[in-house]
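See below for the structure under consideration.
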Amino acid sequence: MQVVRSIHEMREALSPVRRQGEVIGLVPTMGALHRGHGALIGRAHEGSDHVVVSIFVNPIQFNRDDDYNRYPRPLDADLEFCRQAGVHAMFAPTNEEMYPHPLKAFVDVKEVGDRLCGEFRPGHFRGVATVVLKLFQIVQPDRAYFGEKDAQQLAVIRTMVDDLNVPVAIVPVPTVREDDGLALSSRNQLLDPEQRRGATVLYRALRQAAAGISGGMTEPGRIRSRALSALEKEPQCRVEYLEVVDPGSMQPVDRVAGPVLLIGAIWMGSVRLIDNLLCEPHQGAEEHAGESACATASPT
Ligand code: AMP
């Protein structure tokens, strides 16, 4: 596995690969790799010949210094993880390499990125879209792999690629969970044992809301209340948002009449966790009747 620290070296390393007509797959990450990232790498091996994993804790997507400073950075373990996963090249640039001077150009994805995490983390998606476009320009992948766990991020990236005609196929990968349902996240390691036990409440609340849709609920207010009352039972949990949105636009729906995304963010102490569940009501579902299929499938 090649370990590459500079943009120039990354381009040099990939030019013979591209000349040979190999399909290049990029998995952008912030490191502290876990089985969730492993699933993205696995998918990349299925769909690409040459797998590049980028590891970069991107300062411009953090709106809180404490969050940025304590974000885990176990680079040696990540190196070993990538090696074991058969990654061809790991791109781990420094801040100076990515941002040699303060940026003047940014990517701003309106509407899709404005609400939910965009509202509570101002500037977050601008930072994400900008760094992902930079990574796309550096690696020039044929395919790039993103987790459905970050559903709004996936929608933002899809919109950017579509609107700006970026020649890369975006491949969504289903959320990987612990046995108790908690979505794997690099931030989970910051939870103390009690918070870790309570952290499953978000997934349980999303499931409760999904069960409401299965039971025929179509009114978002009632569906939200179901989830919120589940969240209230966990004393350590503070709810940031919990919404029923359109999976593509990330805008709230008036009524559940097609696929909807149940999406939420909570704080367990000082650790912020997000999760989502895609729900598809049974055709013709009415209040108090009908069925739905819910999964963490691709919000297309
Ligand atoms: P991060 O390192 O947290 O920025 O995540 C890098 C990529 O891994 C993003 O596309 C995430 O959506 C994805 N990812 C993180 N956690 C999971 C998970 N539990 N299941 C699937 N994908 C994930």
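Whatever order the structure lists them in is the order used to number ligands and atoms, beginning at 1. Remember, predicted model here, so these are calculated numbers, not experimental data.
Residue-ligand proximity, Phe146 to ligand 1, at heavy-atom distances under 4.0 Å covers atoms 10 (O). Residue contact check: Leu40 has heavy atoms under 4.0 Å from atoms 7 (C), 8 (O), 10 (O), 13 (C), 22 (N) of ligand 1. Near Gln153, meaning under 4.0 Å from one of its heavy atoms, ligand 1 places the atoms 9 (C), 10 (O). Within ligand 1, counting atoms from 1 as listed, the ones closer than 4.0 Å to a heavy atom of Thr175 are 20 (N), 21 (C). Within ligand 1, the atoms closer than 4.0 Å to a non-hydrogen atom of Pro28 are 6 (C), 7 (C), numbered from 1 in the order shown.
For the pair Arg73 and Tyr68, the cation-pi criterion (under 6.0 Å, within 45° of the ring axis) is fulfilled.
Close N/O approach between Asp150 and ligand 1 is found [any backbone or side-chain N/O within under 3.5 Å]. Of the polar atoms of Lys149, none of the N or O atoms is found under 3.5 Å from an N or O of ligand 1, judged by distance alone. On a distance-only criterion, Leu184 and ligand 1 share at least one N/O pair closer than 3.5 Å. Looking at Gly147 next to ligand 1, an N or O pair under 3.5 Å apart turns up.
With a 4.0 Å heavy-atom cut-off, ligand 1 is reached by the backbone of Met30 and by its side chain too.
Counting only distance, with no hydrogens or angles, the side chain of Gln152 and the backbone of Val112 share a donor-acceptor pair below 3.5 Å.
Ligand 1 has at least one atom lying under 4.0 Å from a heavy atom of Tyr71. By the 4.0 Å heavy-atom criterion, Arg177 is excluded from the residues contacting ligand 1.
Nearest heavy-atom pair, Tyr241 versus Leu116, reported as atom, atom and distance to 0.1 Å: CE2-C, 3.5 Å.
Expressed to the nearest 0.5 Å, how far CD of Gln153 lies from NE2 of His124 amounts to 6.0 Å.
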